[in-house]
Amino acid sequence: MRYELVIFDNDGVLVDSEPISNTILAGYLTELGHPTSYDDSLRDYMGGALHRVHDLVLERTGQRLPEDFDETFHTRVFAAFERELQAVPGVTEVLGKLVAERVPYCVASSGSHERIRVGHRKTGLDLWFGEGSVFSAQDVGRGKPAPDLFLHAAERMGVDPERCVVVEDSPLGVRAALAAGMDVYGFTAMTPAEKLVGAHKYVNDMGELAALLV
């Protein structure tokens with residue numbers, strides 16, 4: 001094992017949340033008068049913090065989203081999570097192997113701490129991630145594609161960035177990891193490899209990932 005820390009993205013890598021959240025986001029934006037398809041949402045917002053939605057809508061239309069946008073969106077997403085959310089197949093096996101090999105790991109997500117906790121409780125991943133190993137874009141000034149979140153996670157875990165590997169499934173996340181000076185493995189179960197430009201390796205399922213990490 002040549003890495004001293006494995007940093008997991010959350011949505012789409014640990015929990016299969018991207019189809020749920022992007023369907024809801026596209027519908028809600030359309031409802032508010034900003035027509036957005038599911039594919040539009042994936043292209044523009046997947047992997048980004050929620051402030052990116054506000055920024056792009058304002059930039060494109062000159063209009064601000066409602067003050068209660070975040071609260072309403074999260075309420076809808078969390079309700080859907082309780083009904084539908086599942087862990088990505090094979091992820092607990094990967095985590096188990098990292099624990100067995102004593103390889104530190106953490107999660108660094110563009111989602112809020114509440115979103116991470118809700119998803120982990122629903123899928124049982126809360127058993128694998130303690131408070132000291134969960135990092136959110138809320139913890140830093142800028143979300144992905146800025147490197148701040150990954151650098152923050154590495155610092156808090158006490159590992160130099162060049163000794164870290166990030167597992168990401170979004171173009172914004174890959175760009176953030178590269179900007180942080182970290183290796184990055186592109187997870188292609190949902191996102192084609194050609195959209196994860198710059199990743200050092202590509203894996204399509206957790207079995208492949210486990211073989212690379214341990």
Side-chain angles (χ1 to χ4, degrees), residues 1 3-21 46-50 74 77-140 143-144 147-161 163-170 172-174 176-177 180 182-187 189-190 203 205-214:
M1 176 67 190
Y3 299 111
E4 296 176 9
L5 177 66
V6 180
I7 304 177
F8 291 96
D9 176 43
N10 188 58
D11 295 293
V13 173
L14 297 177
V15 294
D16 193 16
S17 54
E18 294 291 10
I20 298 172
S21 59
M46 181 177 170
L50 204 51
H74 283 137
V77 167
F78 295 165
F81 279 4
E82 292 296 339
R83 295 191 305 268
E84 307 171 39
L85 189 64
Q86 297 181 11
V88 169
V91 72
T92 55
E93 286 78 5
V94 173
L95 297 174
K97 289 183 178 181
L98 292 176
V99 169
E101 296 294 326
R102 299 184 179 180
V103 179
Y105 64 87
C106 66
V107 58
S109 172
S110 292
S112 66
H113 277 286
E114 184 181 11
R115 176 180 173 131
I116 298 168
R117 287 195 302 269
V118 168
H120 284 195
R121 282 199 304 268
K122 175 62 169 63
T123 58
L125 291 180
D126 56 332
L127 301 175
W128 295 91
F129 290 92
E131 285 295 323
S133 63
V134 177
F135 305 101
S136 162
Q138 287 181 311
D139 303 330
V140 295
K144 305 169 188 177
D148 304 39
L149 176 56
F150 290 137
L151 292 173
H152 172 72
E155 181 181 11
R156 290 292 300 273
M157 297 293 289
V159 179
D160 291 335
R163 303 301 301 161
C164 300
V165 62
V166 177
V167 184
E168 263 288 355
D169 73 329
S170 74
L172 293 177
V174 170
M182 300 177 180
D183 281 3
V184 55
Y185 290 174
F187 188 58
M190 182 173 171
V203 296
D205 61 54
M206 286 293 163
E208 294 178 37
L209 181 63
L212 288 173
L213 294 179
V214 294

**Report entry** Closest approach of V15 to G119 (non-hydrogen atoms, all atoms of both residues)
**Finding:** CG1-O, 4.3 Å

Query - Side-chain donor/acceptor of S133 to backbone N/O of F129, under 3.5 Å - result: no

**Report entry** Presence of salt bridge, K144 and D9, under 4.0 angstrom
**Finding:** yes

Requested in this report: Check step by step if side chain to side chain contact (heavy atoms under 4.5 Å, CB included) holds for V118 and E82.
Outcome: CA-CA 8 Å; V118 168; E82 292 296 339; 4.0 Å; yes

Query raised in the report: Less than 4.5 Å apart, any side-chain heavy atom of R83 and any of I20?
Result: no

Report summary line: dist E155:CD -> D148:CG (nearest 0.5 Å) comes out at 11.5 Å

Query - pair F150-P161: side-chain heavy atoms closer than 4.5 Å - result: no

Query - Minimum-distance pair of heavy atoms, taken over all atoms of G12 and D169 - result: CA-OD2, 3.3 Å

Query raised in the report: Out of curiosity, Y185 OH to E208 CD, how far, rounded to the nearest 0.5 Å?
Result: 12.0 Å

Query - Non-hydrogen side-chain atoms of M206 and E93 separated by less than 4.5 Å - result: no

Report task. State the CG-CG distance between L98 and L5, to the nearest 0.5 angstrom. Result -> 10.0 Å

Donor-acceptor pairs are to be reported for all side-chain atoms of residues 104-111 against protein atoms at under 3.5 Å, with residues two or more places apart or in another chain.
residue : atom : partner : partner atom : Å
Y105    : OH   : W128    : O            : 2.7
S109    : OG   : G111    : N            : 2.9
S110    : OG   : G47     : O            : 2.6

Report task. Please lay out, stage by stage, how V88 and V13 fare under the test side chain to side chain contact (heavy atoms under 4.5 Å, CB included). Result -> CA-CA 6 Å; V88 169; V13 173; 5.8 Å; no

Query raised in the report: If you measure from CD on Q86 to CG on L125, what distance do you get to the nearest 0.5 Å?
Result: 11.5 Å

Query - Side-chain heavy-atom pair H113, D139 within 4.5 angstrom cut-off - result: yes

Report summary line: So the salt bridge (Lys or Arg N to Asp or Glu O under 4.0 Å) pairs with at least one residue in residues 94-121 (sequence neighbours excluded) are D11-R115

Report task. If the plane angle is over 60° it's perpendicular, under 30° parallel, otherwise tilted; pick one for F78 and H74. Result -> parallel

Query raised in the report: When rounded to the nearest 0.5 angstrom, what is the spacing between CG in L151 and CG in D160?
Result: 11.0 Å

Report task. Could you walk me through whether L95 and F8 pass the side chain to side chain contact (heavy atoms under 4.5 Å, CB included) test, one step at a time? Result -> CA-CA 10 Å; L95 297 174; F8 291 96; 3.8 Å; yes

Query raised in the report: Quick one: OG on S136 to CG on N10, what's the gap to the nearest 0.5 Å?
Result: 10.0 Å

Query raised in the report: Given the rule in the side chain to side chain contact (heavy atoms under 4.5 Å, CB included) test, do L213 and V103 qualify, once you have shown the distances and angles that lead to the verdict?
Result: CA-CA 9 Å; L213 294 179; V103 179; over 6 Å; no

**Report entry** Minimum heavy-atom distance A154-M182, with the two atoms named
**Finding:** CB-CE, 3.8 Å

Query raised in the report: P19 versus M190: any side-chain heavy-atom pair under 4.5 Å?
Result: yes

